[in-house]
2 protein chains.
Amino acid sequence: MANTPPVAATRGVTMADVAKHAGVSRTAVSFVLSKRENASISAETRTRILEAVQALGYRPNAGARALASQRSDWYGIVTEIVTAPFAVDIIKGAQDQAWLSRRFLLIAPSDQADAVGPNEGMEDAAFEKLLEQRVEGLLYAATFHRAVHVPKSANEVPTVLINCFDADGKLPSIVPDERAGGRVAVERLLQAGHTRIGVINLDPDIPAAVGRLEGCREALAGAGLELDPDLVVSGYATADGGYEAACRILDKYPAGAGRPSALFCLNDRMAMGAYDAIKERGLAIPQDIAVIGFDNQELIAAYLRPKLTTVALPFEEMGALGVQTLASLTAGQPITAHQQMVDCPLLERFSV
Amino acid sequence: MANTPPVAATRGVTMADVAKHAGVSRTAVSFVLSKRENASISAETRTRILEAVQALGYRPNAGARALASQRSDWYGIVTEIVTAPFAVDIIKGAQDQAWLSRRFLLIAPSDQADAVGPNEGMEDAAFEKLLEQRVEGLLYAATFHRAVHVPKSANEVPTVLINCFDADGKLPSIVPDERAGGRVAVERLLQAGHTRIGVINLDPDIPAAVGRLEGCREALAGAGLELDPDLVVSGYATADGGYEAACRILDKYPAGAGRPSALFCLNDRMAMGAYDAIKERGLAIPQDIAVIGFDNQELIAAYLRPKLTTVALPFEEMGALGVQTLASLTAGQPITAHQQMVDCPLLERFSV
DNA sequence: GTACCTTGGTAACGCGCGTTAGTTTGAGCG
DNA sequence: CGCTCAAACTAACGCGCGTTACCAAGGTAC
């Protein structure tokens with residue numbers, strides 16, 4: 001008996017059904033399934049219950065469990081999924097980590113189509129929705145490193161910011177270590193023998209530009225060099241912007257007359273444009289001019305020819321660390337630091 | 001009175017609290033909040049209740065509501081988020097559509113890090129987790145158009161496949177209309193005056209290649225032309241593969257001696273490689289050779305120089321249509337077709 | 001006056017589960 | 001034999017909510 005196909009009959013199978021099937025009380029089933037330490041259930045009864053679970057294809061009801069136990073095992077993450085070349089990596093890191101700790105990650109978009117008015121309103125809706133699900137903690141992920149204002153409702157549960165930081169300085173955050181990343185990039189160029197390095201900069205005001213340039217200066221200083229301001233040009237953070245910026249640098253200095261032998265592009269898209277500028281002038285990468293990028297935007301860096309050496313933004317790691325931090329917070333443990341910085345590793349490919 | 005800050009006091013505010021605050025029964029509150037038609041509640045009582053909701057910062061408990069009403073308003077989507085250049089677009093389309101219909105989309109990864117054994121097991125776990133949340137419907141999204149086997153548990157709730165189809169032919173699916181896409185691409189080249197068109201093909205066996213090539217033939221036939229088999233070369237679906245394939249075509253035919261004046265690349269990554277092969281030979285795009293791609297992989301197509309004209313895979317539309325189809329199914333309505341095909345629109349940029 | 005509405009509510013049940021406070025049984029011990 | 005105590009359970013409550021009864025008061029119609 002009890003050999004009915006588990007799957008088909010599953011809808012609506014409850015713990016009471018399992019109990020009846022096994023000839024025990026519902027409480028006994030609950031004890032066995034929640035693996036309580038101090039539960040005194042005989043080995044024989046336990047196996048009978050587990051068999052019944054199998055036979056009926058019982059599946060716990062997560063909502064009911066959350067209601068009764070007053071804990072949901074759910075975290076929520078709010079992110080701008082629409083502009084998401086990167087957000088998806090944060091989500092992936094967070095998902096994996098959540099899965100490992102047997103939690104479920106609810107994902108809510110911060111930029112809904114039907115939302116009207118300023119951004120505040122949209123994000124509020126996302127936070128509200130997640131709180132209605134009774135998430136135990138919240139993550140807020142930005143697609144580029146910046147300061148953000150978080151809706152007040154985020155104060156109701158532990159909240160961690162990823163790839164951004166609280167403009168009011170209250171919430172814990174996780175950001176990439178831009179400075180160390182800039183340093184490692186330029187150190188790589190120095191190690192390859194380049195001493196005159198052009199820098200294709202982003203908007204100089206954003207945290208990414210500030211940190212990466214600072215790291216660049218540190219690296220140069222370590223080699224007894226200084227950053228030549230004439231070699232730093234800014235542009236729009238696009239391939240076109242990178243193309244134009246590279247043209248300006250290359251055309252300012254003819255070959256041999258102070259022309260840099262390497263370009264540090266502060267993001268990969270600009271590096272993509274720089275490639276074109278270099279190739280147009282009949283120069284070879286990396287023989288004539290080395291290029292190093294930043295971001296590791298896979299679809300660009302891994303498909304450019306030659307493949308681009310770049311510094312990776314640790315999105316997955318930040319996502320994972322976000323969940324870990326949340327786990328500490330919800331467990332009432334103190335966290336190590338208010339702002340955690342994650343390393344940006346160098347990815348060697350073929351452009352240096 | 002009743003002017004306490006709504007936000008801070010919110011945790012744990014229940015309908016009973018609202019009822020007490022408003023001096024009515026909990027049932028009355030429930031009636032007002034669920035906006036039932038036949039509920040007889042005086043306007044005065046209603047406003048008193050709504051004021052209490054505001055004052056206390058009441059937020060419904062989605063889990064409890066689902067438990068009591070036996071419906072969750074949740075859909076689940078399973079996808080390979082790790083390899084997700086495209087999956088994210090499907091998710092975005094589905095999210096938006098779900099949000100519009102006041103539903104919540106739970107996202108589960110089909111490729112978890114800790115999962116062991118063959119793929120089957122991993123996806124099973126994702127489906128199980130979602131079913132534990134009592135989702136009302138399931139979406140399964142693939143990152144490239146192909147046949148899939150879906151875990152048996154998917155039979156328990158309405159399930160729709162996106163960008164793939166059921167190998168057993170049972171589940172409804174939504175796929176891109178590859179054939180029409182191939183046709184529109186080649187028609188665009190014909191319209192620009194090209195009659196000798198090279199094709200850089202994918203693995204000829206996959207559905208995308210079959211459909212796109214078929215569309216290509218249709219377009220040629222419409223102009224009284226035939227596809228020259230010598231002009232069709234296959235390669236790995238990468239930039240390198242596209243580069244090599246383009247080299248083979250270009251080197252086989254010297255200028256003027258039957259060299260095609262346009263290349264139809266069956267995906268954008270291969271087009272990226274073809275760009276390099278063309279530029280290397282001192283040829284200009286599109287003046288000497290026009291290039292058209294497929295997929296509209298934004299980070300490539302929009303940043304190549306010149307920007308790539310390509311046919312877009314309608315990921316967001318497919319995601320949205322998936323949710324709509326699911327909504328029909330869960331509402332018990334019949335769906336229009338077992339397999340729905342979504343148009344692949346031509347995106348004009350500057351390579352033709 | 002009685003029967004029968006409609007309006008404006010409320011009491012109480014149950015959704016599936018975790019959990020606490022019992023209850024029964026049998027073994028051990030003096 | 002009577003007592004205690006651990007082992008192996010079960011009864012029952014409550015989580016927050018939707019929903020189905022039911023009820024009281026006031027108005028009509030005859």
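A quick note: this is a predicted structure, and the numbers were derived from the prediction, not measured.
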- Taking only the side-chain nitrogens and oxygens of S42(A), find out if one of them lies under 4.0 Å from OP1 or OP2 of dC9(D). yes

- Query: dT10(C) P sits how many Å from K20(B) NZ, rounded?
  - Reply: 15 Å

- Task: Classify the side chain of S40(B) versus the base of dG8(C) as yes if they form a donor-acceptor pair under 3.5 Å and no if they do not.
- Result: yes

- Message: How many whole angstroms separate atom CG of D17(A) from atom P of dC15(C)?
- Response: 11 Å

- Item | Donor-acceptor pair between E136(B) and T330(B) side chains, under 3.5 angstrom | no

- Message: Once you apply a heavy-atom cut-off of 4.0 Å, does S30(B) come out as touching a base, just sugar-phosphate, or nothing?
- Response: base

- Query: Between dT10(C), dC17(D), dG16(D), which nucleotide has the shortest distance from any of its atoms to the side chain of R65(B)?
  - Reply: dC17(D)

- Item | Exceeds 12 heavy-atom contacts within 6.0 angstrom, atom CD of Q333(B) | yes

- Can you name the salt bridge (charged side-chain N to carboxylate O under 4.0 Å, His left out) partners of R46(A), sequence neighbours left out? none

- Pairwise side-chain contact, D17(A) with T14(A), heavy-atom cut-off 4.5 Å (strictly under): yes

- Query: Would you say a side-chain N or O of T14(A) is under 4.0 Å from OP1 or OP2 of dC17(C)?
  - Reply: yes

Polar-atom pairs under 3.5 Å, protein N or O versus N or O of nucleotides 11-14 of chain D: list them with distances, or write none.
residue, atom, partner, partner atom, Å
dA11(D), N6, T27(A), OG1, 3.0
dA12(D), N6, T27(A), OG1, 3.4

- Query: Is the shortest heavy-atom distance from the side chain of S110(A) to the side chain of T79(A) under 4.5 Å?
  - Reply: no

- Task: Find the distance R48(A):CZ to dA8(D):C1' and express it as a whole number of Å.
- Result: 12 Å

- Message: Expressed as a whole number of angstroms, how long is the span from D73(A):CG to dG18(C):P?
- Response: 11 Å

- Task: Can you tell me the distance, in whole Å, between the NZ atom of K35(B) and the P atom of dT19(D)?
- Result: 14 Å

- Message: At 4.0 Å (heavy atoms only), tell me whether T45(B) reaches a base, stays on the sugar-phosphate, or touches nothing.
- Response: sugar-phosphate

- Take atom CD of Q133(A) and atom P of dG16(D), then tell me their distance rounded to the nearest Å. 16 Å

- Separation of dG16(D) atom P from E132(A) atom CD, nearest Å, is 15 Å

- Which class fits the ring pair F104(A) and W99(A): parallel under 30°, tilted 30 to 60°, perpendicular over 60°? tilted

- Could you tell me whether the side chains of T27(A) and S30(A) share a donor-acceptor contact shorter than 3.5 Å? no

- Could you state the atom-to-atom distance from CZ of R134(B) to C1' of dG16(C) in whole Å? 9 Å

